[in-house]
Participant: 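Starting off with a structure, shown below.
What you see below is based on every heavy atom in this structure, not just the backbone, and it leaves out hydrogens, waters and symmetry mates.
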Amino acid sequence: GGQEGNGSKYLVGDTIGCVDRCTETDVENDGHALVARRHSSHAVGGPACEAQQLTDVYPANIPFANQERTLRKLPVGIDTFDKIIRQNFYYVDKTYMIRDILRHLSKVTLFTRPRRFGKSLNMSMLENFFDIRKDSRKLFEGLEIAENQALCDAWMNRYPTVSISFRQIDGLNFMDAYRQLVYEIALLYQKHTYLLDSQAISNQEKSLFQQISDRKAEKTDVMRSVQFLTLLLNKHYNKKVILLIDEYDVPVAKANNNGY
C-alpha cells in the first residue's frame, strides 16, 4: 500500500510482508506514530530494511476502532473489506487501485495475479466503494482514495453493483457442479429481492426472478441469470451496472481436473 516519496501514507499492514524478517527492534512505538522498518526487497539476501514512518495507524484515527493504542491483529482467512476495517485488522491500503481502474476505464477488466495475492479482498473493496445500496464513506476515511474528493463524489456508492464468487462451485461431476451454481445464483438473487417491488420491472420478469431465487428455473434461465439480473438493475436504477466476478476460473479448473 501507499507510494514511495514525500506525502506517502502507509498503514501498519505495510509491514506484514516482512514481519518474519524484522527483529523486535525493527518496530517500535515512539508515542506518536509507529516507526517501522520496511524491506525494500523480500528476496533472500536482498537489501536491508529501510526506516519508514507510518502515519494514520492508531485506532484513534479509524472510525470503527477501539481507542486503545494496540497493534492490530492479522486478518487471517478474512477477505471481506468492511469486516477488516470495522474490526481494525491490519490492512494494506490498496485503494489507489480504484483510481487506476477509473483512469483506464474499460468495459471489462481482468485481474490475473498469483494465489493469495489479495484479489478477493480487492473485489470486496470495489463492491463497498461502488454499491449504490451502501454508505461507505466511513469505511474509506483515512485511506488514500478518500483524498480524491471529486472522484469519491462521482463514483462512491453511485452505481448498482452485482458481486458473486464462484469459489464454491465444485463437484465430482457436471450435475454436482451445476447444483452448486444454481445455489450460488439463488443466494445472489435473494440479496436483491427489493426488485420484486420495482415499478420498472414487468410481472413476467418478476416471475422469472422468483423462479431463479427459488432454484426452480430452467437451465437456460440459470445460464443467463447474471445477465438477467444486471438487466433488471439497469431498469430499476436507470444506471449502468457494475459486475464483479470473483474466482471465475474455479468451475473450469474443477471440471478439467475431474474430466467433465
Side-chain angles (χ1 to χ4, degrees), residues 75-84 97 101 106-134 159-198 200-237 240-260:
V76 179
I78 302 174
D79 56 12
T80 307
F81 175 79
D82 58 333
K83 185 174 183 178
I84 287 176
M97 168 184 171
I101 290 174
S106 60
K107 194 168 185 179
V108 178
T109 302
L110 176 64
F111 300 101
T112 55
R113 296 294 185 191
R115 289 182 58 79
R116 319 312 306 165
F117 192 80
K119 298 187 299 296
S120 295
L121 177 55
N122 284 337
M123 297 292 274
S124 176
M125 175 190 69
L126 292 173
E127 178 189 4
N128 278 276
F129 185 83
F130 290 117
D131 195 345
I132 196 170
R133 295 188 300 146
K134 299 180 183 291
Y159 288 88
T161 303
V162 174
S163 180
I164 186 170
S165 173
F166 289 163
R167 179 184 303 170
Q168 302 298 329
I169 301 177
D170 187 8
L172 296 177
N173 54 61
F174 174 80
M175 284 309 302
D176 285 347
Y178 176 74
R179 292 188 186 98
Q180 293 287 350
L181 174 63
V182 171
Y183 186 84
E184 289 297 329
I185 293 295
L187 291 180
L188 174 64
Y189 269 60
Q190 289 161 20
K191 294 178 181 178
H192 298 276
T193 52
Y194 59 90
L195 292 173
L196 293 173
D197 298 322
S198 175
I201 297 174
S202 70
N203 289 333
Q204 183 179 6
E205 290 169 328
K206 291 178 182 179
S207 176
L208 179 54
F209 181 101
Q210 193 67 63
Q211 290 177 45
I212 297 173
S213 179
D214 292 340
R215 290 186 278 168
K216 297 179 180 179
E218 298 292 330
K219 181 185 288 187
T220 301
D221 295 325
V222 173
M223 293 169 61
R224 302 294 292 270
S225 58
V226 174
Q227 180 188 30
F228 181 61
L229 181 58
T230 60
L231 172 66
L232 298 185
L233 288 168
N234 176 256
K235 284 187 173 184
H236 179 68
Y237 289 104
K240 291 185 177 181
V241 179
I242 294 174
L243 173 61
L244 304 172
I245 302 178
D246 193 20
E247 304 284 1
Y248 66 92
D249 59 332
V250 168
V252 177
K254 297 296 184 180
N256 181 67
N257 292 339
N258 292 302
Y260 61 87

Participant: Can you tell me which residue pairs pass the salt bridge (Lys or Arg N to Asp or Glu O under 4.0 Å) test with a partner in residues 212-226, sequence neighbours excluded?
Facilitator: none
Participant: Report the distance from atom OG1 of Thr193 to atom CD of Gln210, rounding to the nearest 0.5 Å.
Facilitator: 8.5 Å
Participant: Under 3.5 Å, is there a donor-acceptor pair between the side chain of Ser225 and the main chain of Val222?
Facilitator: yes
Participant: Do Leu188 and Leu229 come within less than 4.5 Å of each other through their side chains, counting heavy atoms only?
Facilitator: yes
Participant: Atom OH in Tyr159, atom CG in Asn234: separation rounded to 0.5 Å?
Facilitator: 12.0 Å
Participant: Could you pull out all residues at least two apart from Thr109 that satisfy side-chain hydrogen bond (donor to acceptor under 3.5 Å, both in side chains)?
Facilitator: Ser106
Participant: Are Leu126 and Phe81 packed together at the side-chain level, in the sense that at least one heavy-atom pair is separated by less than 4.5 angstrom?
Facilitator: no
Participant: Between Ala186 and Ser213, which heavy-atom pair has the shortest distance, and what is it?
Facilitator: CB-O, 3.5 Å
Participant: Which residues satisfy the side chain to side chain contact (heavy atoms under 4.5 Å, CB included) test with Asn122, sequence neighbours excluded?
Facilitator: Lys94, Met97, Met125
Participant: Answer whether the closest heavy-atom distance between the side chains of Phe166 and Asp246 falls below 4.5 Å.
Facilitator: no
Participant: When rounded to the nearest 0.5 angstrom, what is the spacing between OG in Ser165 and CD in Glu247?
Facilitator: 5.5 Å
Participant: Roughly how far, to the nearest 0.5 Å, is CG of Leu195 from CD1 of Ile201?
Facilitator: 4.5 Å
Participant: State the OG-CG distance between Ser202 and Leu232, to the nearest 0.5 angstrom.
Facilitator: 8.0 Å
Participant: Which residues pass the side-chain hydrogen bond (donor to acceptor under 3.5 Å, both in side chains) test with Asn128, sequence neighbours left out?
Facilitator: none
Participant: Any side-chain hydrogen bond (donor to acceptor under 3.5 Å, both in side chains) pairs touching residues 248-260, not counting sequence neighbours?
Facilitator: none
Participant: Considering only residues two or more places apart or on different chains, which pairs with a residue in residues 75-84 satisfy salt bridge (Lys or Arg N to Asp or Glu O under 4.0 Å)?
Facilitator: Asp79-Arg167
Participant: Check side-chain hydrogen bond (donor to acceptor under 3.5 Å, both in side chains) between Lys235 and all other residues, then give those that pass, not counting sequence neighbours.
Facilitator: Glu205
Participant: Applying side chain to side chain contact (heavy atoms under 4.5 Å, CB included), name anything that partners Thr161, two or more places apart in sequence or on another chain.
Facilitator: Glu127, Phe130, Asp131, Ile242, Leu244
Participant: Listed by chain and number, what are the side chain to side chain contact (heavy atoms under 4.5 Å, CB included) partners of Gln180, not counting sequence neighbours?
Facilitator: Ile169
Participant: In Å and rounded to the nearest 0.5 Å, what is the OG to CZ distance from Ser198 to Phe209?
Facilitator: 10.5 Å
Participant: Report the residues that fulfil side chain to side chain contact (heavy atoms under 4.5 Å, CB included) with Val226, sequence neighbours left out, ordered by chain and then residue number.
Facilitator: Ile185, Leu243
Participant: With sequence neighbours excluded, give me every side-chain hydrogen bond (donor to acceptor under 3.5 Å, both in side chains) pair touching residues 182-192.
Facilitator: His192-Tyr194
Participant: Just so I know, are the side chains of Phe174 and Arg179 near enough to count as touching, which here means a heavy-atom distance under 4.5 Å?
Facilitator: no
